[in-house]
Structures are given as structure tokens and as C-alpha cells.
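This report refers to the structure that appears directly beneath it.
Keep in mind that this is a model prediction, so the values were computed, not measured.
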Amino acid sequence: MKAVEVLNNHKLKRTSCREGIIEVVTSSDYALSENEIKEKLQGNYDRTTFYRSFKTLEEHNILHKIVVDNQNIKYAYNKSTSKEIEHIHFYCEKCQSVKCIETEMTNKYNLPEGYSFVEADILIKGLCSKCKL
């Protein structure tokens, strides 16, 4: 899906910065940090414009946040607007890449009585297929 369509589907104003961020994220096979997105972004946007655009895309669930640890936060394009399509995140400890992997989620957790499941963020750490060789 093109950036223009994404913004139209979310009823957001089209700006070149928002379109650029979406294009960078959708063209990557891996989740990217804010700095990686900023470095790949075509155009010379001031810091305020970039962060406002970035935050708007995150608030409208166009981007989703993947927290590896306090120092390592990545973002990926949110392919689904519903919570029905779940996925896990795989973090390679060698190359530090993060990849979203669609898989069947069981949603079977043994929670104490009185607790109810809403959603889960699952991060699996290991070595990706390139680094494992």
C-alpha cells in the first residue's frame, strides 16, 4: 500500500514528511529506530516536524513500537488495524535487527483468577538466519 493510501485510510492530512516516514518503514524488511528512519528519510525536515509527524503516525497505529530494552526501541509498519492478526518480534543479538514475524498466537495464558487477557507483546531473542551461519 502506498503512503498516500495509508494516510487517506486513517483520515490524516498528507504531508511530505508523513509520506516519507511511511515509505521508509514500508520499504524495510526490518524494524527501524527513529534515527535509522530519519537517516533514510528523503528531504530536509527540522526536528520538530519529524517528531510531530512520527508521533502522529504512532498514535494512529500506522507505526508500532517494539521495545527491545531501554536503549533499543524500533518501529515497524503496522500491517493490521485489528488486534486479530497477532505477531511476534524477533531480535537478533548479533546484528541487532528486529523483524516482525506473523504467526498463529494461541492467546492461552494461565492468568490468576480475576485477570483477563487483552494483548501480548512477545519478543524472542536469538540469532537471525544470516548471523547463524
Side-chain angles (χ1 to χ4, degrees):
M1 185 177 291
K2 296 190 182 244
V4 174
E5 294 173 68
V6 172
L7 291 170
N8 286 339
N9 288 345
H10 286 85
K11 296 179 173 69
L12 287 173
K13 181 179 174 185
R14 288 179 50 197
T15 67
S16 60
C17 188
R18 289 176 185 175
E19 288 178 24
I21 292 169
I22 293 169
E23 288 170 10
V24 167
V25 175
T26 56
S27 66
S28 178
D29 290 334
Y30 296 92
L32 302 168
S33 68
E34 285 181 21
N35 286 335
E36 291 169 324
I37 294 168
K38 198 183 314 179
E39 288 170 8
K40 294 177 186 241
L41 187 61
Q42 298 294 321
N44 196 10
Y45 302 102
D46 63 61
R47 197 171 68 194
T48 303
T49 300
F50 173 79
Y51 284 108
R52 283 184 181 162
S53 297
F54 195 86
K55 277 299 192 197
T56 297
L57 297 176
E58 187 181 358
E59 288 168 358
H60 284 84
N61 295 319
I62 295 169
L63 301 179
H64 74 275
K65 182 190 268 189
I66 304 155
V67 179
V68 177
D69 57 41
N70 288 339
Q71 302 297 315
N72 195 354
I73 298 172
K74 305 273 186 164
Y75 296 86
Y77 175 66
N78 189 5
K79 294 178 184 175
S80 171
T81 55
S82 74
K83 294 285 184 188
E84 293 170 14
I85 299 174
E86 297 285 349
H87 66 277
I88 61 172
H89 300 113
F90 186 89
Y91 173 73
C92 178
E93 293 182 323
K94 187 171 183 183
C95 69
Q96 298 181 340
S97 64
V98 177
K99 185 163 181 73
C100 296
I101 302 173
E102 289 185 23
T103 186
E104 185 177 326
M105 301 289 284
T106 62
N107 292 342
K108 294 180 183 175
Y109 300 101
N110 293 324
L111 298 174
E113 189 175 325
Y115 288 73
S116 63
F117 176 84
V118 176
E119 68 179 303
D121 291 324
I122 299 174
L123 177 72
I124 298 174
K125 295 182 180 182
L127 296 175
C128 68
S129 58
K130 293 178 186 174
C131 293
K132 191 174 178 180
L133 299 176

Which one of Lys99, Lys125, His64 satisfies the side-chain hydrogen bond (donor to acceptor under 3.5 Å, both in side chains) criterion with His89? His64

CD1/Ile37 to CZ/Phe54 distance, rounded to the nearest 0.5 angstrom? 4.0 Å

Under 4.5 Å between any side-chain heavy atoms of Cys92 and Lys130, yes or no? no

List, one per line, each side-chain donor-acceptor pair under 3.5 Å for residues 13-26, sequence neighbours excluded.
unit_1, atom_1, unit_2, atom_2, d
Arg14, NE, Glu19, OE2, 2.9
Arg14, NH2, Glu19, OE2, 3.4
Thr15, OG1, Arg18, N, 3.1
Ser16, OG, Tyr45, OH, 2.9
Arg18, NH1, Lys13, O, 2.9
Thr26, OG1, Ile22, O, 2.8
Thr26, OG1, Glu23, O, 3.3

Shortest non-hydrogen contact from Thr48 to Asp46? N-OD1, 3.0 Å

If you compare all heavy atoms of Tyr75 against all heavy atoms of Glu34, which two are closest, and at what distance to 0.1 Å? OH-OE2, 3.4 Å

Would you compute the distance between atom CG of Leu32 and atom CG of Leu41 and round it to the nearest 0.5 angstrom? 11.5 Å

Donor-acceptor pair, Asn78 side chain versus Asn61 backbone, under 3.5 Å? yes

Side chain to side chain donor-acceptor pair (under 3.5 Å) filter on Glu36, not counting sequence neighbours, yields Ser33, Lys74

Looking only at heavy atoms, the pair that brings Ile73 and Asp69 closest together is CG1-O, 4.0 Å

Nearest 0.5 Å, please: how far is CZ in Arg52 from CD in Glu59? 12.0 Å

Donor-acceptor contacts under 3.5 Å from residues 1-9 side chains, at least two apart:
unit_1, atom_1, unit_2, atom_2, d
Glu5, OE2, Lys2, N, 3.4
Asn8, ND2, Val4, O, 3.3
Asn9, ND2, Glu5, O, 3.4

Starting from Ile66 and following side-chain heavy-atom contacts under 4.5 Å between hydrophobic residues (I, L, V, M, F, W, Y), which residues can be reached? Val68, Tyr91, Val98, Leu123

Side chain to side chain donor-acceptor pair (under 3.5 Å) with Asn110: which residues, sequence neighbours excluded? none

Validation row: Leu12, Ile62 side chains within 4.5 angstrom (heavy atoms): yes

Taking all non-hydrogen atoms of both residues, which atom of His10 and which atom of His60 are closest, and how far apart? CD2-O, 3.3 Å

Counterpart residues, side chain to side chain donor-acceptor pair (under 3.5 Å), relative to Lys38 (two or more places apart): Tyr51

Determine whether Phe50 and Leu57 fall in the same hydrophobic cluster, where Ile, Leu, Val, Met, Phe, Trp and Tyr are linked whenever their side-chain heavy atoms lie under 4.5 Å apart. yes

